[in-house]
Number of protein chains: 2
Amino acid sequence: MKFTMAEENYIKAVYHLQHGQEVVSTNALSAELQTKPASVTDMLKKLKAKKIISYEPYRGVKLSAEGRKVALGIVRKHRLWEYFLVDKLQFGWDEVHEVAEELEHISSNKLIDKLDEFLGHPKFDPHGDPIPDSKGKIIAQPQEQLSGALLHTPVQITAVGSQSTELLELLKHKGLQMGTRLEVKKVFDFDGSLELRIKNQQVVTVSRELASVLFVKSL
Amino acid sequence: MKFTMAEENYIKAVYHLQHGQEVVSTNALSAELQTKPASVTDMLKKLKAKKIISYEPYRGVKLSAEGRKVALGIVRKHRLWEYFLVDKLQFGWDEVHEVAEELEHISSNKLIDKLDEFLGHPKFDPHGDPIPDSKGKIIAQPQEQLSGALLHTPVQITAVGSQSTELLELLKHKGLQMGTRLEVKKVFDFDGSLELRIKNQQVVTVSRELASVLFVKSL
DNA sequence: ATAAAAATTTAGGTTTGTCTAAAAATAAAT
DNA sequence: ATTTATTTTTAGACAAACCTAAATTTTTAT
Ligand SMILES: [Mn+2]
Ligand SMILES: [Mn+2]
Ligand SMILES: [Mn+2]
Ligand SMILES: [Mn+2]
C-alpha cells in the first residue's frame, strides 16, 4: 500500500510515542506533529480505515501489525539517510534530522536497499539509534539511563533521547557525543546534577534533565 | 521563495519545453505533466502571481529571469541525484529518472552542495545532460543530431533526447550508451534508417526515429 | 456525587491541486 | 468570409490536510 507524506509522519509518530505507553493519545500526537488535536482526529479515522492503527474514539490509538511494519520502514529510511549525511557528506550529527525528515519519504525500496549496501549495512544511526534491517528487524536497546548509572564505573554513551537542536548544541558544548567514554564521579542530591569525568579528560557537570536523556552501556 | 512540489514540477516543465520554442503552450504542459489543460491554467495563474512566469491568457507562457533561476536549481538537483544513483549506488542509467523526480524536491541547499562536492563536481549527468553549478551556470551543448552526422566520421554519443524507459531499453539492447564511439556507415533514403559501426565492434542498424534523439560530437 | 477541568471529537471552513463539462477565443479549412 | 476544428479558459466540484469554535466525553477535584 502507498501512503502520503502526512500519513507517513503520523504513522512514525505513533510508533515513537508508543514506546513504553500502551496507547497513544490525540494530544500527544498533536504535540509531536505540531498540528491541532482536531486535525489528528481526522487523520486517525483515515488510518483506521486503512487498517494501519486500531482506534476507538476517546480511547487512544495503537499501531496494527501492518502499521508497525510500515513505521519500521520509515524509521529505517530516516536513520540510513542520517548515517549517509554524517558518514559520506560530513554533516554534523546535529544537522541531519530535518533533512532526513524529508528524505525518509522517498518511495523507492530499491534506492534504500542500495543505499544500505553502499553504507555497509550500518547498525546504528549517528544518534545511536538502531537501524531496522530490510525485513523490519530492529535491535532492541537496553537503554540504561546515565542518571541511573553506578558511581566510578566506566560507561559509554550509546544514544540520546531527543534530536532537538537545543540538546545537541549542549552536548557539543560539553564535549559529549556518541561513543564518549566516561564515569560518574558524584551525584548531588539537591538538584540531581552529576559530575562526570570524561575518559582521560576534564570533569564536566550535567543537569538531571540532561542525564535523563543520555543512554549508556557499561564497559 | 519556497515552492511546493507541484509548483516545482511545473517550473521545470516550462524550462524544458522552452528549449527552441519561444513560448510554451498550455497543452504542451498538460501533456508533459500528465494533467488536464484546465489544471495547467490554474497553476499558470498562481505562478504568474508569484512572478515566476510571464503569461497572458491564450498567449502562452515564458519563464521570468527569477523563474529560470529556480528551474536551474531544480535541474541541478535532479541531475546530481541521477549521477549519485549511477556512480555511487550502481543504478542503471535507465532506472534513475523516476527516483530523481522525487529527490529533486528535497529542499536543503546545504545538502545539494555537499552532495556536489562528494561527487567531485560532475559536469554531466548519466544521460549526458549538463549539470548547472551552484550559481546556476550551465554548459550550453551544441547538440548535433546523429541523423545529421557525416558518413565515415568518428563521433561519440554525448546525450539522449528523452528519458523514456522505452528509449533506454532500446539503447541498452543495441549496445549504445553515453560515450559510445561509432561512425555512420550508410544512410538509407527509403526509411531514413542508418547503419552504424560501433568502435571496433559490430554493425547495428538504427531507425530514423532513434537517430533523431541521439546527440553526438565529432572526435 | 457533583462540579470543574482537561481531552477529544464534531461541525463547518480554507487552501492546494486536481477533475469534468461548458463557454470562449484562436487557428484552420472551405 | 464563414464555417469548422482546435486550443484554452471559466465554472463548479472534489479529496487531502489543515484550521477555529463549539459540543461532547472523560478525568480530576471538591
Ligand atoms: Mn518526515
Ligand atoms: Mn537519528
Ligand atoms: Mn519532480
Ligand atoms: Mn538525466
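Only a predicted model underlies this, so the values are computations on that prediction, with no experimental measurement involved.
Judged by a 6.0 Å distance limit and a 45° cone about the ring axis, B/Lys45 is not positioned over the six-membered ring of B/Tyr55.
Candidate nucleotides C/dT8, D/dC18, D/dT9 were compared by shortest atom distance to the side chain of B/Pro37, and D/dT9 ranks first. Set against D/dT25, C/dT18, D/dC18, the side chain of B/Asp42 has C/dT18 as its closest nucleotide. Each of D/dC19, C/dT10, D/dT10 was ranked by its minimum atom distance to the side chain of A/Lys45; first place goes to C/dT10.
Across all strands shown, A/Pro57 has heavy atoms under 4.0 Å from sugar-phosphate atoms exclusively, and none from any base. At the heavy-atom level, A/Ser39 lies under 4.0 Å from base atoms of the strands shown. Residue A/Ala38 is classed as a base contact, given a heavy-atom separation below 4.0 Å to a base.
Between B/Thr41 and D/dT9 there is a side-chain N or O to OP1 or OP2 distance below 4.0 Å. Remark: B/Thr26 is in phosphate contact with D/dT9, judged by side-chain N or O atoms under 4.0 Å from OP1 or OP2. Close to D/dC18, at under 4.0 Å from its OP1 or OP2, lies a side-chain N or O of A/Tyr10. Contact annotation: A/Tyr58 does not reach the phosphate of C/dT10 (side-chain N/O to OP1 or OP2, under 4.0 Å). B/Thr4 has a side-chain polar atom (N or O) that falls below the 4.0 Å cut-off from OP1 or OP2 of C/dG17. Distances shown here put a side-chain N or O of B/Lys46 below 4.0 Å from the OP1 or OP2 atom of C/dG17.
Per the geometry, NZ belonging to B/Lys2 stands 19 Å off P belonging to C/dT15, to the nearest Å. A straight line from CG of A/Leu33 to C1' of D/dC18 spans 12 Å, rounded to a whole angstrom. Between the OH atom of B/Tyr55 and the C1' atom of C/dA25 there is a distance of 12 Å, rounded to whole Å. Straight-line distance from the CG atom of A/Leu47 to the P atom of D/dA17: 9 Å, rounded to whole Å. Rounded to an integer number of Å, the gap from A/Glu7 CD to D/dA15 C1' is 12 Å. Distance B/Lys36 NZ to C/dT16 P: 24 Å, rounded to the nearest Å. As a whole-Å value, the separation of B/Arg59 CZ from D/dT7 C1' is 12 Å. We find that CG of A/Leu29 is positioned 12 Å from P of D/dC18, with the value rounded to whole Å.
Salt bridge status for A/Asp189 with A/Arg208: absent, with no side-chain N to carboxylate O gap under 4.0 Å. At a threshold of 4.0 Å, the pair A/Lys12-A/Glu101 counts as salt-bridged, since one of the basic side-chain nitrogens sits closer than that to a carboxylate oxygen. Ionic pairing of A/Glu22 and A/Lys62 is present here: one or more N-O contacts between side-chain nitrogen and carboxylate oxygen are shorter than 4.0 angstrom.
B/Ser25 and B/Asn27 share no side-chain donor-acceptor pair at under 3.5 Å. Looking only at atom types and distance, the side chain of A/His78 has a donor-acceptor partner in the side chain of A/Glu82 under 3.5 Å away.
Residue order along DNA chain D, read from the 5' end via each residue's closest nucleotide, puts B/Asn27 first among B/Asn27 and A/Met5.
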